[in-house]
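A note on names: the letters A, B, ... follow the listed sequences, proteins ahead of strands, and every chain is numbered from 1. Computed from heavy atoms alone, side chains included, the values below leave out hydrogens, waters and symmetry copies.
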Amino acid sequence: MIKQYFLNTWSGIWTVLVGMKITFKHLFTPSVTIQYPDVKVELPERSRNRLYVNMDDCIGCDQCARACPVSCIEIETVKSVPGDEVGKTSNGKKKALWVTKFNIDFAKCCCCQLCVFPCPTECIKMTSIYEFSEFERDNLLYNFATLTPAEVDEKKDSYAKLEAEKAAQKAAAAAEPKPVAAPAPEKPKEESSNN
Amino acid sequence: MALKTEEMVLNMGPQHPSTHGVLRLELELEGELVLNVRPHLGYLHRCFEKHCEAMTYPQVIPYVDRLDYLAAMSNELTYAITCEKLMNIQVPERVEYIRVIMVELQRIASHLVALGTFGLDIGAFTPFLYCFIDREKILSLFELTCGARMLYNYIWIGGLSHDLHPDFIRLAKEFVQYFKPHVAELNNLLSYNKIFIERTANVGVLPLEAAINYNITGPSLRGSGIKWDLRKNDPYSIYDKFDFDIPVGKGTFGQVGDCWDRYFVRVVEMEQSLRIIEQALEQIPEGDVTSALPKRVKPPEGTVYARTENPKGELGFFIVSNGSLNPYRVKVKPPSFVNLTVLGELCKGCFISDVIAILGSIDIVMGEVDR
Ligand code: SF4
Ligand code: SF4
């Protein structure tokens, strides 16, 4: 009994000493921590942090917004009217839509990168900027759209006008007696005879 | 005259540093002795299963990461395997190898946290820090590959989001060489420490029969002395190509199935994972990792269940598809949740301080328990 007691005590002391030796060795290994924010880690090239959208290339296709699992991208587009040049993307695609709204809510974004892969023009990208904390959550709502509110109104107006003109034309066309449309009723007959 | 005693009910948690997240334990005590333990769950409930029904299949993956956030790669692999089974996708050889490497690295990282915090619960602070230094190295490897440190969204249905970084193989080999002596160091520092052994051996003994009846899986089951590991018993991915052993608890310092056994199974498993990684790094073929990615993930109607051996146990996904872009139902079989159920049984008749040791030894993550 008493022997066991001393054996236990001895092995307690001995194994603690073994551990002490390891900690002592670690005293002389270089430190693994860094003095953030004075020193910053270098992030690898694939690091995923805040998104950036290059609006010059964005065609407003909404694919990124649909891929996002938390729905933090909000896009609104207006069709351009003929004669209104939206421009071209850097890989030569012609744009047809005015992106009137492109908001990303970084308070919601989980940096999953699902929005980056489907983009046809590779204009939405992950950057290595990770220091963008804010005191107000509203400040995390980033607006990437380049049009000013006045421009947005203008684009919407001109598109609405175009629509109205088209609708008027259609209405006018419908009101006119249509000689071309006359043979139309024959078609169903043919089909029924086929049956 | 005997002293008048009364049972006392004590709440441990949810804000208790050693309940590993937000778990509340209701302890019925008689003095220092624990009569009964009732875990109260739900503080971290995020409606994962219901939420999946509103997501498309690939959109579920970021949420799957957040189940067992210490082993996100393993969760992704299980989910990807389940969906691939449903859609009948064969992934390229290279993808399988990269997946195995990632998942085994993740197993080491997860076990390092488990072992470190287990020591921390019992009062050994230093091993915790050393474990985190090594884990940091693994996380850096992941960050190099996919850009994220904890929640990767890397293993996709039918492939991977990125190929390996050109430096990865070299760095991973360096890591294996670097980490090997550290396992021995951890053993000397913590595993064979007399005080640690006194606190864990013969504490919280889980008999094999009880373990099976409670459906315990993972290292906690193997600690009770049975060789059951899905990587061997129901091989998935390419685990049948590798040579590795399944460690089991032997009752070295006490009875089979005590806290020390459960702890030590994890230590040995890390060594075995290193062996798998070494072999995989040697054999990895060239190839395209994105070639089998489906354009649209739209599985046919049907139900599927697949399971894998996660660091914490057996993780399974049951998916019902109605042929649309969103899953009709996703059910998770989480190892942490199932393993937690045995806590009451293990803690009956032990001291309060042992409850902490037992809870640490079954290694739960509340993100997975509550979902
Ligand atoms: S990174 Fe993920 S969460 Fe963030 S905007 Fe893109 S898809 Fe949405
Ligand atoms: S996917 Fe690309 S091009 Fe399309 S809306 Fe998003 S950022 Fe613009």
Side-chain angles (χ1 to χ4, degrees), chain A residues 4-27 29-34 41-51 63-73 108-118 120 125-130, chain B residues 51-52 54-56 58-66 119 124-127 129-130 132-134 136-137 140-154 156 161-163 165 167-168 171 182 184-198 290 293 295-296 325:
Chain A
Q4 190 61 38
Y5 175 79
F6 279 111
L7 266 178
N8 271 349
T9 318
W10 168 243
S11 76
I13 295 170
W14 175 247
T15 48
V16 166
L17 281 178
V18 170
M20 286 293 200
K21 198 179 119 207
I22 293 166
T23 25
F24 190 73
K25 259 200 292 186
H26 270 263
L27 268 184
T29 51
S31 141
V32 290
T33 48
I34 55 163
V41 280
E42 211 182 295
L43 295 178
E45 55 188 311
R46 291 178 186 171
S47 67
R48 279 158 36 185
N49 297 288
R50 195 173 73 189
L51 286 162
Q63 298 224 35
C64 51
R66 262 179 279 154
C68 178
V70 294
S71 318
C72 65
I73 308 180
K108 282 196 212 158
C109 173
C110 62
C111 294
C112 65
Q113 215 181 7
L114 278 176
C115 53
V116 173
F117 294 94
K125 276 198 211 82
M126 288 281 178
T127 62
S128 53
I129 302 162
Y130 55 92
Chain B
H51 196 64
C52 288
M55 296 285 118
T56 63
Q59 281 178 348
V60 172
I61 297 178
Y63 290 98
V64 166
D65 283 343
R66 285 156 178 82
F125 190 73
T126 323
L129 297 177
Y130 293 172
F132 266 65
I133 295 175
D134 297 340
E136 192 65 22
K137 296 226 162 15
S140 303
L141 283 176
F142 290 153
E143 193 184 15
L144 185 76
T145 315
C146 67
R149 298 179 66 77
M150 276 185 78
L151 306 158
Y152 311 104
N153 188 16
Y154 179 61
W156 282 2
S161 70
H162 300 81
D163 198 353
H165 190 274
D167 289 342
F168 181 88
L171 291 172
H182 282 227
E185 191 182 279
L186 181 70
N187 280 340
N188 286 332
L189 189 60
L190 190 62
S191 315
Y192 298 136
N193 184 296
K194 184 71 187 166
I195 302 167
F196 180 73
I197 292 171
E198 288 293 318
T290 51
L293 285 176
K295 279 253 154 50
R296 272 167 94 215
L325 287 172

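Between chain A and the options B:E198, B:H51, B:H165, B:M55, heavy-atom pairs under 4.5 Å are most frequent for B:H165. No other option in A:C112, A:P44, A:C68, A:P69 has as many heavy-atom pairs under 4.5 Å with chain B as A:P69. Per-residue heavy-atom pair counts under 4.5 Å with chain B were compared for A:L43, A:T15, A:V32, A:V41, and the maximum is reached by A:T15.
Pairs engaging residues 140-150 of chain B under the side chain to side chain donor-acceptor pair (under 3.5 Å) rule: B:E136-B:R149, B:E143-B:R149 [sequence neighbours left out].
Judged by distance alone, the side chain of A:R48 and the main-chain N or O of B:Y152 form a donor-acceptor pair under 3.5 Å. One N or O on the side chain of A:T23 and one on the backbone of A:G19 form a donor-acceptor pair closer than 3.5 Å. Checked by atom type and distance alone, the side chain of A:S47 never pairs as donor or acceptor with a backbone atom of A:S128 at under 3.5 Å.
Using a 4.5 Å cut-off between heavy atoms, B:Y154 does not touch chain A at all. Contact of B:T56 with chain A is not made at all, since no heavy-atom distance falls under 4.5 Å. For a residue to count as touching a neighbouring chain, one of its non-hydrogen atoms must lie under 4.5 Å from one of that chain's; by this rule B:L151 touches chain A with the backbone only. Looking at A:V70, both its backbone and its side chain come within 4.5 Å of chain B, counting heavy atoms on both sides. In this structure, chain B has no heavy atom under 4.5 Å from any part of A:N49. For B:F196, no part lies near chain A; criterion is any non-hydrogen pair under 4.5 Å. For a residue to count as touching a neighbouring chain, one of its non-hydrogen atoms must lie under 4.5 Å from one of that chain's; by this rule A:V16 touches chain B with backbone and side chain alike.
For A:R46 against B:D163, the heavy-atom pair with the smallest separation is NH1-O, 2.9 Å.
Residues satisfying the ring-ring contact (aromatic ring centres under 6.0 Å, His included) test with A:Y5, not counting sequence neighbours, are none.
Between A:H26 and B:Y130, the two ring planes are parallel [angle under 30°; tilted spans 30° to 60°].
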